[in-house]
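Read through the structure below, which is laid out as C-alpha coordinates, and then see the notes.
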2 protein chains.
Amino acid sequence: MGTDLSPRGREIVAAAADLLEGEGAQALSMRRIAERLGMRAPSLYRHFPDKRSIEAALVSQGFRDLAARFAQASGDGDPAAAIAREYRAFAHARPHLYRLMTTRPLDRGALAPGVEDAAAAHVVRAFGGDADLARAAWAFAHGMTILEIDGRFPPGADLDAAWRRGIEALRP
Amino acid sequence: MGTDLSPRGREIVAAAADLLEGEGAQALSMRRIAERLGMRAPSLYRHFPDKRSIEAALVSQGFRDLAARFAQASGDGDPAAAIAREYRAFAHARPHLYRLMTTRPLDRGALAPGVEDAAAAHVVRAFGGDADLARAAWAFAHGMTILEIDGRFPPGADLDAAWRRGIEALRP
DNA sequence: GTCTATACCCGGATAGAC
DNA sequence: GTCTATCCGGGTATAGAC
(Lines give C-alpha, C1' and ligand atoms only; values in the text may rest on other atoms or scores of the structure.)
Protein backbone atom coordinates (compact mmCIF):
# COMPACT_ATOMS: atom_id res chain seq x y z
CA MET A 1 0.00 0.00 0.00
CA GLY A 2 2.95 2.32 -0.42
CA THR A 3 3.73 2.65 3.26
CA ASP A 4 5.61 -0.50 4.27
CA LEU A 5 8.19 -0.75 1.51
CA SER A 6 11.44 -2.67 1.71
CA PRO A 7 14.64 -0.70 1.05
CA ARG A 8 14.79 -2.25 -2.43
CA GLY A 9 11.15 -1.31 -2.96
CA ARG A 10 11.93 2.28 -2.09
CA GLU A 11 14.82 2.31 -4.57
CA ILE A 12 12.46 1.06 -7.27
CA VAL A 13 9.91 3.77 -6.53
CA ALA A 14 12.64 6.41 -6.49
CA ALA A 15 13.92 5.23 -9.87
CA ALA A 16 10.37 5.30 -11.24
CA ALA A 17 9.87 8.84 -9.92
CA ASP A 18 13.10 10.01 -11.55
CA LEU A 19 12.09 8.47 -14.86
CA LEU A 20 8.63 9.98 -14.74
CA GLU A 21 9.94 13.44 -13.90
CA GLY A 22 12.71 13.33 -16.41
CA GLU A 23 11.16 11.71 -19.45
CA GLY A 24 7.41 11.59 -18.95
CA ALA A 25 4.80 8.89 -18.64
CA GLN A 26 5.62 6.99 -21.80
CA ALA A 27 9.15 6.39 -20.53
CA LEU A 28 7.78 4.75 -17.40
CA SER A 29 8.10 1.12 -18.47
CA MET A 30 9.14 -1.86 -16.39
CA ARG A 31 12.15 -2.32 -18.63
CA ARG A 32 13.30 1.30 -18.20
CA ILE A 33 12.78 1.26 -14.43
CA ALA A 34 14.83 -1.92 -14.14
CA GLU A 35 17.53 -0.52 -16.40
CA ARG A 36 18.07 2.39 -13.99
CA LEU A 37 18.79 -0.07 -11.21
CA GLY A 38 21.03 -2.35 -13.24
CA MET A 39 18.54 -5.18 -13.27
CA ARG A 40 16.04 -6.87 -15.61
CA ALA A 41 12.37 -6.09 -15.80
CA PRO A 42 11.09 -9.45 -14.49
CA SER A 43 13.06 -8.97 -11.29
CA LEU A 44 10.81 -6.06 -10.38
CA TYR A 45 7.99 -8.55 -9.87
CA ARG A 46 9.77 -9.89 -6.79
CA HIS A 47 9.08 -6.53 -5.16
CA PHE A 48 5.81 -5.38 -6.72
CA PRO A 49 2.97 -7.52 -8.03
CA ASP A 50 2.52 -5.41 -11.16
CA LYS A 51 3.21 -2.05 -12.76
CA ARG A 52 0.08 -0.47 -11.34
CA SER A 53 1.30 -0.97 -7.79
CA ILE A 54 4.49 0.95 -8.59
CA GLU A 55 2.37 3.74 -10.04
CA ALA A 56 0.17 3.61 -6.93
CA ALA A 57 3.24 4.20 -4.77
CA LEU A 58 4.14 7.24 -6.87
CA VAL A 59 0.60 8.58 -6.61
CA SER A 60 0.54 8.05 -2.84
CA GLN A 61 3.73 10.06 -2.48
CA GLY A 62 2.23 12.76 -4.68
CA PHE A 63 -0.82 13.09 -2.43
CA ARG A 64 1.45 13.36 0.62
CA ASP A 65 3.46 16.13 -1.00
CA LEU A 66 0.32 17.96 -2.06
CA ALA A 67 -1.16 17.73 1.44
CA ALA A 68 2.08 19.17 2.86
CA ARG A 69 1.76 22.16 0.53
CA PHE A 70 -1.87 22.59 1.55
CA ALA A 71 -0.94 22.52 5.23
CA GLN A 72 1.36 25.50 4.69
CA ALA A 73 -1.36 27.35 2.77
CA SER A 74 -3.85 26.91 5.60
CA GLY A 75 -2.23 29.70 7.58
CA ASP A 76 -2.83 32.24 4.83
CA GLY A 77 -5.31 35.08 5.25
CA ASP A 78 -7.19 33.89 2.17
CA PRO A 79 -6.96 30.11 2.47
CA ALA A 80 -9.06 29.35 -0.63
CA ALA A 81 -6.81 31.43 -2.86
CA ALA A 82 -3.68 30.07 -1.17
CA ILE A 83 -4.81 26.47 -1.70
CA ALA A 84 -5.47 27.19 -5.37
CA ARG A 85 -2.00 28.72 -5.72
CA GLU A 86 -0.35 25.68 -4.16
CA TYR A 87 -2.41 23.32 -6.29
CA ARG A 88 -1.34 25.06 -9.46
CA ALA A 89 2.29 25.29 -8.35
CA PHE A 90 2.42 21.59 -7.50
CA ALA A 91 1.07 20.59 -10.90
CA HIS A 92 3.50 22.87 -12.72
CA ALA A 93 6.43 21.58 -10.70
CA ARG A 94 5.61 17.94 -11.44
CA PRO A 95 3.25 17.79 -14.40
CA HIS A 96 3.80 14.13 -15.20
CA LEU A 97 3.10 13.10 -11.63
CA TYR A 98 0.04 15.35 -11.60
CA ARG A 99 -1.31 13.59 -14.69
CA LEU A 100 -0.66 10.21 -13.13
CA MET A 101 -2.57 11.31 -10.03
CA THR A 102 -5.59 12.75 -11.77
CA THR A 103 -6.16 11.60 -15.33
CA ARG A 104 -7.36 8.07 -14.77
CA PRO A 105 -9.77 6.26 -12.52
CA LEU A 106 -8.03 6.03 -9.15
CA ASP A 107 -7.09 2.58 -7.90
CA ARG A 108 -8.00 3.45 -4.32
CA GLY A 109 -7.33 -0.03 -2.95
CA ALA A 110 -3.69 0.19 -4.03
CA LEU A 111 -3.07 3.61 -2.47
CA ALA A 112 -1.53 4.24 0.92
CA PRO A 113 -4.59 4.54 3.14
CA GLY A 114 -5.83 8.04 3.91
CA VAL A 115 -3.50 10.02 1.67
CA GLU A 116 -6.29 11.13 -0.64
CA ASP A 117 -8.60 12.11 2.23
CA ALA A 118 -5.84 14.04 3.96
CA ALA A 119 -5.35 16.26 0.92
CA ALA A 120 -9.10 16.62 0.35
CA ALA A 121 -9.74 17.63 3.97
CA HIS A 122 -7.56 20.72 3.57
CA VAL A 123 -9.60 21.79 0.55
CA VAL A 124 -12.95 21.35 2.27
CA ARG A 125 -11.71 23.32 5.28
CA ALA A 126 -10.41 26.15 3.08
CA PHE A 127 -13.87 26.41 1.55
CA GLY A 128 -15.65 26.85 4.86
CA GLY A 129 -16.57 23.20 5.29
CA ASP A 130 -19.00 23.40 2.36
CA ALA A 131 -18.45 20.10 0.54
CA ASP A 132 -20.45 21.07 -2.57
CA LEU A 133 -18.53 24.31 -2.95
CA ALA A 134 -15.23 22.52 -2.31
CA ARG A 135 -16.02 20.01 -5.07
CA ALA A 136 -16.89 22.81 -7.48
CA ALA A 137 -13.61 24.52 -6.58
CA TRP A 138 -11.62 21.32 -7.02
CA ALA A 139 -13.24 20.78 -10.43
CA PHE A 140 -12.36 24.32 -11.43
CA ALA A 141 -8.77 23.99 -10.24
CA HIS A 142 -8.27 20.61 -11.87
CA GLY A 143 -9.83 21.83 -15.12
CA MET A 144 -7.63 24.92 -15.28
CA THR A 145 -4.55 22.93 -14.34
CA ILE A 146 -4.90 20.02 -16.73
CA LEU A 147 -6.03 22.16 -19.66
CA GLU A 148 -3.07 24.43 -18.98
CA ILE A 149 -0.55 21.58 -18.72
CA ASP A 150 -1.90 19.95 -21.85
CA GLY A 151 -1.72 23.20 -23.80
CA ARG A 152 -5.43 23.22 -24.53
CA PHE A 153 -6.04 26.95 -24.06
CA PRO A 154 -5.37 29.24 -27.03
CA PRO A 155 -1.82 30.65 -27.19
CA GLY A 156 -2.61 34.19 -26.16
CA ALA A 157 -5.02 33.31 -23.34
CA ASP A 158 -4.56 35.18 -20.05
CA LEU A 159 -4.68 32.23 -17.68
CA ASP A 160 -3.84 34.25 -14.58
CA ALA A 161 -7.00 36.23 -15.27
CA ALA A 162 -9.10 33.09 -15.71
CA TRP A 163 -7.73 31.69 -12.45
CA ARG A 164 -8.57 34.95 -10.68
CA ARG A 165 -12.11 35.03 -12.03
CA GLY A 166 -12.76 31.45 -10.94
CA ILE A 167 -11.31 31.84 -7.46
CA GLU A 168 -13.18 35.09 -6.85
CA ALA A 169 -16.44 33.52 -7.98
CA LEU A 170 -16.03 30.40 -5.87
CA ARG A 171 -14.71 32.01 -2.67
CA PRO A 172 -16.75 30.87 0.35
CA MET B 1 -8.16 16.68 -42.12
CA GLY B 2 -11.30 14.70 -41.42
CA THR B 3 -13.43 16.54 -43.98
CA ASP B 4 -12.49 15.07 -47.35
CA LEU B 5 -12.60 11.38 -46.61
CA SER B 6 -13.02 8.64 -49.21
CA PRO B 7 -15.97 6.28 -48.75
CA ARG B 8 -13.59 3.63 -47.40
CA GLY B 9 -12.10 6.22 -45.07
CA ARG B 10 -15.56 6.98 -43.72
CA GLU B 11 -16.17 3.28 -43.11
CA ILE B 12 -12.94 3.05 -41.17
CA VAL B 13 -13.84 6.02 -38.99
CA ALA B 14 -17.33 4.60 -38.41
CA ALA B 15 -15.87 1.26 -37.34
CA ALA B 16 -13.46 3.06 -35.02
CA ALA B 17 -16.32 5.06 -33.50
CA ASP B 18 -18.35 1.90 -32.88
CA LEU B 19 -15.38 0.22 -31.23
CA LEU B 20 -14.64 3.22 -29.04
CA GLU B 21 -18.26 3.55 -27.92
CA GLY B 22 -18.74 -0.13 -27.35
CA GLU B 23 -15.51 -1.22 -25.72
CA GLY B 24 -13.55 1.85 -24.71
CA ALA B 25 -10.22 3.37 -25.63
CA GLN B 26 -8.05 0.35 -25.00
CA ALA B 27 -10.05 -1.61 -27.58
CA LEU B 28 -9.27 1.00 -30.21
CA SER B 29 -6.34 -0.73 -31.87
CA MET B 30 -5.49 -0.86 -35.56
CA ARG B 31 -5.96 -4.63 -35.48
CA ARG B 32 -9.43 -4.40 -33.94
CA ILE B 33 -10.55 -1.67 -36.33
CA ALA B 34 -9.39 -3.71 -39.30
CA GLU B 35 -11.06 -6.84 -37.94
CA ARG B 36 -14.43 -5.06 -37.94
CA LEU B 37 -14.04 -4.40 -41.64
CA GLY B 38 -12.80 -7.86 -42.57
CA MET B 39 -9.32 -6.68 -43.37
CA ARG B 40 -5.80 -6.66 -41.91
CA ALA B 41 -4.29 -3.85 -39.89
CA PRO B 42 -1.57 -2.84 -42.38
CA SER B 43 -4.22 -2.13 -45.02
CA LEU B 44 -5.52 0.73 -42.90
CA TYR B 45 -2.29 2.58 -43.62
CA ARG B 46 -3.36 2.94 -47.26
CA HIS B 47 -6.18 5.18 -46.02
CA PHE B 48 -4.68 6.90 -42.99
CA PRO B 49 -1.03 7.67 -42.35
CA ASP B 50 -1.17 6.52 -38.73
CA LYS B 51 -3.47 5.77 -35.82
CA ARG B 52 -3.47 9.36 -34.60
CA SER B 53 -5.09 10.56 -37.79
CA ILE B 54 -7.99 8.14 -37.28
CA GLU B 55 -8.36 9.42 -33.74
CA ALA B 56 -8.26 12.98 -35.07
CA ALA B 57 -11.19 12.19 -37.37
CA LEU B 58 -13.14 10.88 -34.37
CA VAL B 59 -12.31 13.99 -32.35
CA SER B 60 -13.30 16.29 -35.21
CA GLN B 61 -16.70 14.60 -35.42
CA GLY B 62 -17.04 14.94 -31.65
CA PHE B 63 -16.47 18.69 -31.81
CA ARG B 64 -19.07 18.98 -34.57
CA ASP B 65 -21.64 17.08 -32.49
CA LEU B 66 -20.86 19.16 -29.43
CA ALA B 67 -21.24 22.42 -31.38
CA ALA B 68 -24.61 21.23 -32.68
CA ARG B 69 -25.78 20.68 -29.09
CA PHE B 70 -24.49 24.12 -28.11
CA ALA B 71 -26.36 25.72 -31.01
CA GLN B 72 -29.62 24.35 -29.65
CA ALA B 73 -28.78 25.56 -26.16
CA SER B 74 -28.16 29.11 -27.40
CA GLY B 75 -31.89 29.79 -27.60
CA ASP B 76 -32.39 29.07 -23.90
CA GLY B 77 -33.33 31.83 -21.46
CA ASP B 78 -30.21 31.00 -19.39
CA PRO B 79 -27.63 30.16 -22.06
CA ALA B 80 -24.73 29.60 -19.65
CA ALA B 81 -26.68 26.99 -17.69
CA ALA B 82 -28.02 25.43 -20.88
CA ILE B 83 -24.53 25.12 -22.35
CA ALA B 84 -23.31 23.47 -19.17
CA ARG B 85 -26.21 21.01 -19.29
CA GLU B 86 -25.45 20.08 -22.89
CA TYR B 87 -21.74 19.73 -22.14
CA ARG B 88 -22.42 17.34 -19.30
CA ALA B 89 -25.01 15.40 -21.31
CA PHE B 90 -22.64 15.00 -24.28
CA ALA B 91 -19.88 13.64 -22.08
CA HIS B 92 -22.19 11.19 -20.34
CA ALA B 93 -23.62 10.01 -23.64
CA ARG B 94 -20.16 9.32 -25.12
CA PRO B 95 -17.63 9.19 -22.29
CA HIS B 96 -14.90 7.45 -24.28
CA LEU B 97 -15.12 9.98 -27.07
CA TYR B 98 -15.13 12.79 -24.50
CA ARG B 99 -11.90 11.44 -22.99
CA LEU B 100 -10.34 11.17 -26.43
CA MET B 101 -11.30 14.80 -27.10
CA THR B 102 -10.04 16.27 -23.86
CA THR B 103 -7.51 14.21 -21.95
CA ARG B 104 -4.44 14.66 -24.09
CA PRO B 105 -2.64 17.46 -25.85
CA LEU B 106 -4.71 18.25 -28.94
CA ASP B 107 -3.14 17.54 -32.31
CA ARG B 108 -4.64 20.67 -33.82
CA GLY B 109 -2.96 20.25 -37.21
CA ALA B 110 -4.68 16.91 -37.73
CA LEU B 111 -8.16 18.19 -36.87
CA ALA B 112 -10.76 19.32 -39.35
CA PRO B 113 -10.15 23.08 -39.49
CA GLY B 114 -12.39 25.26 -37.37
CA VAL B 115 -14.29 22.57 -35.48
CA GLU B 116 -12.69 23.43 -32.15
CA ASP B 117 -13.24 27.17 -32.58
CA ALA B 118 -16.87 26.65 -33.61
CA ALA B 119 -17.62 24.87 -30.35
CA ALA B 120 -15.63 27.38 -28.31
CA ALA B 121 -17.41 30.37 -29.87
CA HIS B 122 -20.74 29.19 -28.48
CA VAL B 123 -19.27 29.04 -25.00
CA VAL B 124 -17.77 32.52 -25.15
CA ARG B 125 -21.07 33.93 -26.42
CA ALA B 126 -23.04 32.20 -23.65
CA PHE B 127 -20.74 33.88 -21.14
CA GLY B 128 -21.36 37.37 -22.40
CA GLY B 129 -18.31 37.53 -24.65
CA ASP B 130 -16.01 37.52 -21.60
CA ALA B 131 -13.15 35.23 -22.67
CA ASP B 132 -11.59 34.98 -19.20
CA LEU B 133 -14.90 34.03 -17.63
CA ALA B 134 -15.63 31.59 -20.44
CA ARG B 135 -12.28 29.88 -19.86
CA ALA B 136 -12.96 29.63 -16.14
CA ALA B 137 -16.38 28.15 -16.91
CA TRP B 138 -14.92 25.67 -19.38
CA ALA B 139 -12.34 24.62 -16.82
CA PHE B 140 -15.07 24.12 -14.23
CA ALA B 141 -17.26 22.12 -16.63
CA HIS B 142 -14.38 19.97 -17.82
CA GLY B 143 -13.20 19.35 -14.27
CA MET B 144 -16.66 18.33 -13.07
CA THR B 145 -17.21 16.17 -16.12
CA ILE B 146 -13.95 14.29 -16.20
CA LEU B 147 -13.80 13.75 -12.45
CA GLU B 148 -17.37 12.49 -12.60
CA ILE B 149 -16.73 10.14 -15.54
CA ASP B 150 -13.58 8.80 -13.92
CA GLY B 151 -15.37 8.17 -10.63
CA ARG B 152 -13.06 10.47 -8.69
CA PHE B 153 -15.69 12.07 -6.43
CA PRO B 154 -16.61 10.22 -3.24
CA PRO B 155 -19.55 7.80 -3.61
CA GLY B 156 -22.18 9.84 -1.77
CA ALA B 157 -21.26 13.20 -3.32
CA ASP B 158 -24.15 15.36 -4.55
CA LEU B 159 -22.78 16.28 -7.96
CA ASP B 160 -25.93 18.05 -9.11
CA ALA B 161 -25.41 20.41 -6.18
CA ALA B 162 -21.75 20.98 -7.06
CA TRP B 163 -22.70 21.73 -10.68
CA ARG B 164 -25.35 24.19 -9.50
CA ARG B 165 -22.93 25.99 -7.20
CA GLY B 166 -20.35 26.34 -9.93
CA ILE B 167 -22.75 27.54 -12.59
CA GLU B 168 -24.37 30.06 -10.24
CA ALA B 169 -20.99 31.42 -9.22
CA LEU B 170 -19.71 31.74 -12.77
CA ARG B 171 -22.82 33.12 -14.43
CA PRO B 172 -22.02 36.30 -16.39
C1' DG C 1 15.12 -14.82 -1.75
C1' DT C 2 16.91 -12.57 -5.77
C1' DC C 3 17.89 -12.34 -10.14
C1' DT C 4 18.19 -14.08 -15.18
C1' DA C 5 16.76 -16.00 -19.55
C1' DT C 6 13.16 -17.07 -22.24
C1' DA C 7 8.84 -16.73 -24.08
C1' DC C 8 3.93 -15.20 -25.02
C1' DC C 9 0.71 -11.93 -26.51
C1' DC C 10 -0.42 -7.43 -27.50
C1' DG C 11 0.46 -2.88 -29.67
C1' DG C 12 2.04 0.44 -33.95
C1' DA C 13 4.29 0.45 -38.01
C1' DT C 14 6.99 -0.83 -42.53
C1' DA C 15 8.50 -3.53 -46.84
C1' DG C 16 7.42 -5.83 -50.59
C1' DA C 17 4.60 -9.29 -53.21
C1' DC C 18 0.20 -9.85 -55.71
C1' DG D 1 -5.83 -1.87 -52.30
C1' DT D 2 -4.92 -5.67 -49.87
C1' DC D 3 -2.10 -9.22 -48.45
C1' DT D 4 1.93 -11.70 -45.67
C1' DA D 5 5.98 -11.32 -43.18
C1' DT D 6 8.47 -8.84 -40.06
C1' DC D 7 10.41 -5.46 -36.61
C1' DC D 8 10.38 -3.17 -32.30
C1' DG D 9 8.70 -2.27 -27.81
C1' DG D 10 5.45 -2.91 -24.28
C1' DG D 11 3.56 -6.02 -19.68
C1' DT D 12 4.09 -10.13 -17.64
C1' DA D 13 4.29 -15.42 -16.53
C1' DT D 14 7.39 -19.27 -15.89
C1' DA D 15 11.43 -21.87 -14.97
C1' DG D 16 15.65 -22.23 -13.09
C1' DA D 17 20.55 -20.57 -11.64
C1' DC D 18 22.85 -18.84 -7.58
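Within every chain, numbering begins at 1; the chains are lettered A, B, ... in the order of the sequence lines, protein sequences first and strands thereafter. Keep in mind that what you see is a predicted model, and the values were worked out from it rather than measured.
- Two rings, from B:Trp138 and B:Phe127, have their centers 6.0 Å or more apart.
- A donor-acceptor pair shorter than 3.5 Å can be found between the side chains of B:Gln61 and B:Arg64.
- Between B:Asp107 and B:Arg52, at least one side-chain nitrogen of the basic residue sits less than 4.0 Å from a carboxylate oxygen of the acidic one, meeting the salt-bridge criterion.
- Contacts between residues 32-52 of chain B and DNA chain D, counted as heavy-atom distances below 4.0 Å, involve B:Gly38, B:Met39, B:Arg40, B:Pro42, B:Ser43, B:Arg46, B:His47.
- The CD-C1' distance, from B:Gln26 to C:dC9, rounds to 15 Å in whole Å.
- For B:Arg31 and C:dG12, a side-chain-to-base donor-acceptor distance below 3.5 Å is present, hydrogens and geometry of angles not being considered.
- Contact check on A:Arg94 versus A:Asp65 returns a salt bridge, with a Lys/Arg side-chain nitrogen under 4.0 Å from an Asp/Glu carboxylate oxygen.
- Atom CG in B:Leu28 sits roughly 17 Å away from atom P in C:dC10 (whole-Å rounding).
- The six-membered or imidazole ring of A:Phe140 lies away from that of A:Tyr87, with a centre-to-centre distance of 6.0 Å or more.
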